[in-house]
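Written out below as structure tokens is the structure these notes cover.
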Number of protein chains: 2
Amino acid sequence: MATIKEVAAKTGLSPTTVSRVINNHPYVDDSKRKKVLQAMQELGYVPNSSARRLRGQKTNTIAVIISRIVNPFFSHLVDAMERIAGEKGYQLILCDSRLNKDRELAHLELLKAKQVDGIILASLQNDWEAIEPFTKYGPVICCNEYDIKAQMPVIRCDQQYGGYIGTKHLIEKGHTKIAYAGGADRIQLTLDRKTGFLKALKEHGLTLPEEWMFPSFYGIEDGKNIFQRIYAMEDRPTAIFAGGDEVAAGIIQEAKRFHCRVPDELAVVGFDNQPIADLIDPGITTIEQPMKLMGTRAMEMMVDMIKNKKKVTYKKEILPLQLVVRQST
Amino acid sequence: MATIKEVAAKTGLSPTTVSRVINNHPYVDDSKRKKVLQAMQELGYVPNSSARRLRGQKTNTIAVIISRIVNPFFSHLVDAMERIAGEKGYQLILCDSRLNKDRELAHLELLKAKQVDGIILASLQNDWEAIEPFTKYGPVICCNEYDIKAQMPVIRCDQQYGGYIGTKHLIEKGHTKIAYAGGADRIQLTLDRKTGFLKALKEHGLTLPEEWMFPSFYGIEDGKNIFQRIYAMEDRPTAIFAGGDEVAAGIIQEAKRFHCRVPDELAVVGFDNQPIADLIDPGITTIEQPMKLMGTRAMEMMVDMIKNKKKVTYKKEILPLQLVVRQST
DNA sequence: CTGAAAGCGCTTACAG
DNA sequence: CTGAAAGCGCTTACAG
């Protein structure tokens with residue numbers, strides 16, 4: 001691979017001038033600029049990224065940490081981020097924590113090693129105490145997940161409201177026995193969602209037995225599993241609010257297999273409004289999360305923070321959520 | 001951020017020795033090693049990635065080029081790659097070509113800029129002539145898509161066989177009027193699949209009218225569109241072989257909306273065996289592609305090529321495909 | 001086992 | 001408008 005020196009030698013100019021041409025610096029004689037451009041072309045010269053990074057102290061690379069790329073929620077989020085990053089001239093490093101704390105921490109080290117200019121946390125396995133030390137090495141923002149104590153910018157949805165409207169919808173449909181399948185309480189996002197759920201129940205004087213709460217479930221198989229557990233109960237709920245469309249889809253599919261009619265015998269509400277919610281039969285009533293918008297805004301904010309080094313005042317953007325009614329309720 | 005010099009100063013040793021400790025070099029006095037380790041700990045020292053890259057001429061980063069991350073096929077492929085990359089100590093840069101030739105070429109430049117050690121092409125928009133010049137700057141391999149003329153390693157599935165067995169299955173079910181929805185002929189993968197399709201037809205003396213061929217379709221919306229076009233035909237096919245489960249799902253959903261019974265009035269075969277194939281009703285008969293295996297093997301091969309600089313002899317791995325029968329046929 | 005020195009390939013004051 | 005020189009932070013022969 002040709003270096004800047006070779007281009008300089010070929011043109012009889014100095015590396016400094018070649019560098020100026022590469023970087024579109026003004027004050028370069030036009031005929032010389034042309035000569036350099038041509039030499040670069042002929043040599044197939046491309047500036048060495050590592051040298052530029054070392055010298056310029058920036059990488060034009062951003063890392064995004066997610067917990068499971070095969071979850072359509074995350075793939076849509078990442079899709080939006082990748083698009084904006086590309087437009088702004090940044091590369092995207094995909095980091096999958098696979099719900100593991102240590103792996104998340106290892107990915108955060110990229111910032112200390114100056115391997116990335118910033119990190120977007122779309123999943124959050126560690127407490128703010130563990131994340132905080134990294135924030136002095138560069139911008140770190142939350143997108144989607146969040147921690148109430150965290151002193152960092154965040155773009156997220158109003159999860160409590162989402163939990164509330166989904167539950168309210170079920171109650172309005174006449175349900176009084178409503179089960180809940182969400183994530184762990186240590187995750188603020190799922191905790192808030194549950195708080196909204198409980199708030200709706202409370203407003204209507206409803207309670208729920210311990211066994212109707214299913215913590216920490218994520219995929220289709222988990223949904224199937226949940227249905228079986230519900231089906232085996234003496235006192236069954238007539239509706240369930242699931243923490244994701246994949247879980248909801250699993251519940252519905254398994255219900256069909258056991259000839260349990262949805263929504264007549266069991267109404268189901270999902271979360272996300274993934275493509276699958278509209279494809280399966282019955283369609284899943286769900287809470288739409290604006291993944292594209294969230295990914296776009298997060299990446300725009302990150303690039304903005306990188307470019308305007310001055311610490312952006314700790315920003316918070318909360319996006320609206322809305323109910324999409326289909327046939328599962 | 002602390003540098004190696006500061007660690008050296010703090011311990012009273014030379015940068016050379018500190019470097020040796022960082023790199024687990026033998027021949028370092030044990031007590032000195034401990035001192036260095038402690039100083040690094042206290043200073044929160046992490047080696048600067050750019051400096052190491054520049055000096056060592058390697059980046060420990062690999063780029064994967066796909067065409068649409070929200071396609072579950074690609075997200076599963078990328079998931080497998082990310083896992084192996086992490087295990088082997090590599091970062092993964094996600095590059096989405098969005099089916100655009102120029103964007104693909106721009107991503108290949110990463111290799112010339114020495115910003116990555118190698119590139120895995122899981123999507124292929126350009127001809128071999130356009131790709132070839134990049135191969136002298138580092139390992140480039142194909143995974144999934146391929147070009148018959150390409151002189152580079154490839155891990156792929158036997159697409160022709162896939163097209164053949166899917167069609168054969170429909171013929172065995174008694175169909176003689178079979179439509180086909182695949183990608184463009186300029187893509188070798190889809191061309192081979194079509195060749196397999198046509199081979200099966202030919203073996204049974206079947207032909208198909210021009211209007212039963214739907215080129216270049218990818219997503220759910222395209223599937224819906226295709227169904228409508230079929231539905232409007234005077235002489236309708238009784239079965240269709242779609243180039244992906246998303247397209248098949250779109251066809252099935254739209255068929256339901258028009259009260260066209262699947263498989264009785266229209267049998268549908270998909271491709272990939274994505275989760276959705278098992279979730280929608282009727283389940284999609286499809287050709288299973290081993291995405292996890294393909295992604296894993298591709299990343300293993302890439303790391304192997306990077307580590308053993310000697311040009312690996314142009315390798316070719318063809319993975320088996322198999323029919324998964326569900327209710328859509 | 002240890003360290004001084006060179007150099008990876010750039011960019012940026014600085015001086016002209 | 002142009003160039004010589006320094007330096008970003010490492011690692012690796014080389015010499016001891």
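What you see below is based on every heavy atom in this structure, not just the backbone, and it leaves out hydrogens, waters and symmetry mates. Below, chains carry the letters A, B, ... as their sequence lines are ordered, and counting in each starts from 1.
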Would you say [X] places a side-chain N or O within less than 4.0 Å of OP1 or OP2 belonging to [N]?
X     : N      : answer
A/S19 : C/dC10 : no
A/T17 : D/dG3  : yes
B/Q57 : D/dT11 : no
B/N23 : D/dT11 : yes
B/R52 : D/dT11 : yes

Using whole Å, what does the distance between atom [atom2] of nucleotide [N] and atom [atom1] of [X] come to?
X      : N      : atom1 : atom2 : result
B/Y45  : D/dG9  : OH    : P     : 10 Å
B/K58  : C/dC8  : NZ    : C1'   : 13 Å
A/K112 : D/dC10 : NZ    : P     : 13 Å
A/L54  : C/dC8  : CG    : C1'   : 9 Å
A/E6   : C/dC8  : CD    : P     : 11 Å
B/N60  : D/dC10 : CG    : P     : 15 Å
A/K5   : C/dC10 : NZ    : P     : 10 Å
A/L43  : C/dG9  : CG    : P     : 14 Å

Find out whether [X] and [Y] are in side-chain contact, i.e. whether some heavy atom of one side chain is under 4.5 Å from a heavy atom of the other.
X      : Y      : value
B/I65  : B/I120 : no
B/I306 : B/N60  : no
B/L121 : B/I141 : no
A/M302 : A/Y90  : no
A/R156 : A/C142 : no

> From the list C/dG9, C/dG3, C/dC10, which nucleotide is the closest neighbour of the side chain of A/I4?
Replying inline: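 Minimum distance to the A/I4 side chain belongs to C/dC10.
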
For nucleotides 4-7 of chain D, print each protein N/O atom paired with a nucleotide N/O atom at under 3.5 Å, atom names and distance only.
residue : atom : partner : partner atom : Å
D/dA4   : N7   : A/T16   : OG1          : 3.4
D/dA4   : N6   : A/T16   : OG1          : 2.9
D/dG7   : N2   : A/R55   : NH1          : 3.3

>> Tell me the closest heavy-atom pair linking B/C95 and A/Q91, and the distance in Å.
In response: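 Scanning both residues completely, I find the closest heavy atoms to be SG-NE2, 4.3 Å.
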
> Which heavy atom in B/D147 sits nearest to a heavy atom in B/W128, and how many Å separate them?
Replying inline: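 B/D147 and B/W128 have their closest heavy atoms at OD2-N, 3.3 Å.
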
Kindly list each side-chain donor-acceptor pair under 3.5 angstrom involving residues 31-38 of chain A, sequence neighbours excluded, with atom names and distances?
residue : atom : partner : partner atom : Å
A/S31   : OG   : A/D29   : OD1          : 2.7
A/R33   : NH2  : A/H25   : O            : 2.9
A/Q38   : NE2  : A/E42   : OE2          : 2.8

>> Using salt bridge (charged side-chain N to carboxylate O under 4.0 Å, His left out), reason through B/E104 and B/K101 one step at a time and then give a plain yes or no.
In response: CA-CA 5 Å; B/E104 180 172 290; B/K101 280 185 168 201; over 6 Å; no

> If you write DNA chain D from 5' to 3' in dot-bracket form, with Watson-Crick or G-U pairs under 3.5 Å, [ ] for crossing pairs and | for pairs with another strand, what do you get?
Replying inline: |||.||||||||.|||

>> Hydrogens and angles aside, do B/T61 and B/R53 bring a side-chain donor and acceptor to less than 3.5 Å of each other?
In response: yes

Side-chain donor-acceptor pairs of residues 71-81 of chain A under 3.5 Å, sequence neighbours excluded:
residue : atom : partner : partner atom : Å
A/N71   : OD1  : A/F73   : N            : 2.8
A/N71   : OD1  : A/Q274  : NE2          : 3.2
A/S75   : OG   : A/P72   : O            : 3.3
A/H76   : ND1  : A/P72   : O            : 2.9
A/D79   : OD1  : B/R98   : NH1          : 2.9
A/D79   : OD2  : A/K292  : NZ           : 2.6

>> Can you pull out the residues from residues 24-41 of chain A that lie within a 4.0 Å heavy-atom distance of DNA chain D?
In response: A/Y27, A/V28, A/D29, A/K32

> Among pairs that include at least one residue of residues 108-118 of chain A, which meet salt bridge (charged side-chain N to carboxylate O under 4.0 Å, His left out), considering only residues two or more places apart or in two chains?
Replying inline: none

